[in-house]
Amino acid sequence: MNSTFKALGFVVFALAPTGALFAGGSGLASMGCASSYDPAQTTKVLAPDYDLYATYLDSFVNRRCGTLDCHGATGRAFRHYGNLGLRRLEGRVDELGSDASVKDGGQKRSGVGATTPDEVRANYAGIIALEPEVLSRIVALNGSGEDVDNKVLNWMFLRKALGRTAGTTVETGGERHKGGNVLVKRDPGYNCIVLWLKAPRKPASWKAAGASAGEAGVSAGSRAAPATPEEKEYADYLTVFDRECTKNLEGFR
Amino acid sequence: MTSSKVGITLVAIAIAALTTGGCINDPVQDTRSKAFGTDFPAGVEATAYHRPGQPCTACHSTRGGVSPRFSVAGTIFWGSCNVTAAEYKDEKVRAERCDLTPVDGAEVRIRGSNGGEDCAVTNCAGNFSFDDNVVNFPFLVSVSKRVDGKLIQEAQMGGHISREGSCAGCHDNPRRSESPGQVFLFAQDDATGKIGIPDSVKSLIASERGKKCPDDTVPARRKCAP
């Protein structure tokens, strides 16, 4: 496994026992034996770049999806944190919500202060955990020459965002979504998310050279002349990404 | 029992259920409504001035079953209530650091995703309501207050409202991780805890504090300034 793959990889532990269950069932039926459950088994999932998400997309997604009456509500399986909505509490899960966890006033409060890095990280983890196997297949296409645009709507995150309200007949390209359609195709935000999914793999040397987008809020412009074809490709991509996403989403940051 | 007797019994049960005092046969909804208690504030009957700061559409909606039914409704207060949960339990701290005085005559403007716009004016209790669906969710909202025709404050909500019809569905006290606190015109300084209300406005608020609302059950809706 190369370092890029490691950087982009996301481990889904839940898939392992599920797969083992099905495999075990069919195995028992046919041969009467099966391999035992391996708790150390993991499934690697390719995910789009975190730095780009943190720098360009998190505020946008928070505004569109993370309001307190939608995915900024504690009861949602897919939650989104941010300074304008739900704040991510710190501490033990069994103590959260109790008076003890908030008595010193140290917990973050909605509307106060900026969105913190741990909230952004949690948002990213929540997004890439939505149908990770589908997301993985989309990200894996990058560089293969296949048209990613035709595949992105396989991913629940975009299908739901484009979704429609129950009872309506307007064709949005998405699937039923309680919150209706919060994105439309060709929307600058939609384009930016698709562009994010189409990122070429970050060269292994890229981060080491200190040119990671997100760390300084900039992208290709801060890097010295790319040394390899992969670095050149990535630098060109970041230039386009920065132009499209900065210009179109600046109102969300 | 014959089938006709069974049928008559079922019809009788259905009629009894439908005519039992406002019950909508939804235990979740009933529990939620009861949690708000009765008669708030004390002595204020079920008029347009009752239950300021509570989630109006919990009852005044199709699901809540109480008329009139609102699409959007809430209460506007002068200042915020940025205290911890423990501090909020202390009445003295609450009185000092939370401004629970409602704004009379504030203009609440909403602009929906369908391009529709509407505006409502708060009443004596700070309550406002929209009773039709001119504006589609999601929508943006701003609140402003004029005194003698002069704009003294305008506040716009940072995000948009996606689907909750009641302000208090999200905005309840104290301010915490899952709520920004009551809807307010003037924000509180996070460092000092003081609410940034200009001195010129403080006397106006003092005159409105504790004001008794009139007895009219259905106050005429006032129009927003153009």
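The chains referred to below are lettered A, B, ... by the order of the sequence lines, with proteins before strands, and numbering in each begins at 1. Every value quoted in this text rests on a predicted model; they were computed, and no experiment measured them.
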*Asks:* Measuring from atom CG of A:Leu89 to atom CZ of B:Arg176, what distance do you get when rounded to the nearest 0.5 angstrom?
*Replies:*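 That separation rounds to 10.5 Å.
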*Asks:* Before giving the answer on side-chain hydrogen bond (donor to acceptor under 3.5 Å, both in side chains), spell out for A:Ser110 and B:Ser179 the whole-Å C-alpha distance, their side-chain angles and the decisive distance to 0.1 Å.
*Replies:* CA-CA 6 Å; A:Ser110 183; B:Ser179 172; over 6 Å; no
*Asks:* For residues A:Asp69 and B:Ser162, report the shortest heavy-atom separation together with the two atoms involved.
*Replies:*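 So the two residues come closest at OD2-N, 2.9 Å.
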*Asks:* Can you see which heavy atom on A:Leu68 is nearest to which on B:Glu178, and at what distance?
*Replies:*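 Of all heavy-atom pairs spanning A:Leu68 and B:Glu178, the closest is CD2-O, 3.5 Å.
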*Asks:* Please walk me through it: do A:Cys70 and B:Arg163 pass side chain to side chain contact (heavy atoms under 4.5 Å, CB included)?
*Replies:* CA-CA 7 Å; A:Cys70 280; B:Arg163 50 201 276 200; 3.3 Å; yes
*Asks:* Listed by chain and number, what are the side-chain contact (heavy atoms from CB on, under 4.5 Å) partners of B:Cys124, not counting sequence neighbours?
*Replies:*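 By the side-chain contact (heavy atoms from CB on, under 4.5 Å) rule, B:Cys124 matches B:Tyr49, B:Asp104, B:Lys211, B:Cys213, B:Pro214.
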*Asks:* A:Arg63 side chain to B:His160 main-chain N or O, any donor-acceptor pair under 3.5 Å?
*Replies:*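 A pair under 3.5 Å: no.
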*Asks:* Please check if atom CZ in B:Arg111 has more than 12 non-hydrogen atoms from other residues, nucleotides or ligands closer than 6.0 Å.
*Replies:*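 Open: at most 12 neighbouring heavy atoms sit under 6.0 Å from CZ of B:Arg111.
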*Asks:* How would you list, in number order, the residues of residues 80-87 of chain A that have a heavy atom less than 4.5 Å from chain B?
*Replies:*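 Only A:Leu84, A:Gly85, A:Leu86, A:Arg87 of residues 80-87 of chain A have a heavy atom under 4.5 Å from chain B.
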*Asks:* Considering residues at least two apart in sequence or located in another chain, which fulfil the salt bridge (charged side-chain N to carboxylate O under 4.0 Å, His left out) criterion with A:Arg79?
*Replies:*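 With neighbours one apart ignored, the set is empty.
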*Asks:* Once disulfide (SG to SG under 2.5 Å) is applied, do any residues pair with B:Cys81, and if so which ones, sequence neighbours excluded?
*Replies:*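 Checked B:Cys81 against disulfide (SG to SG under 2.5 Å); matches are B:Cys98.
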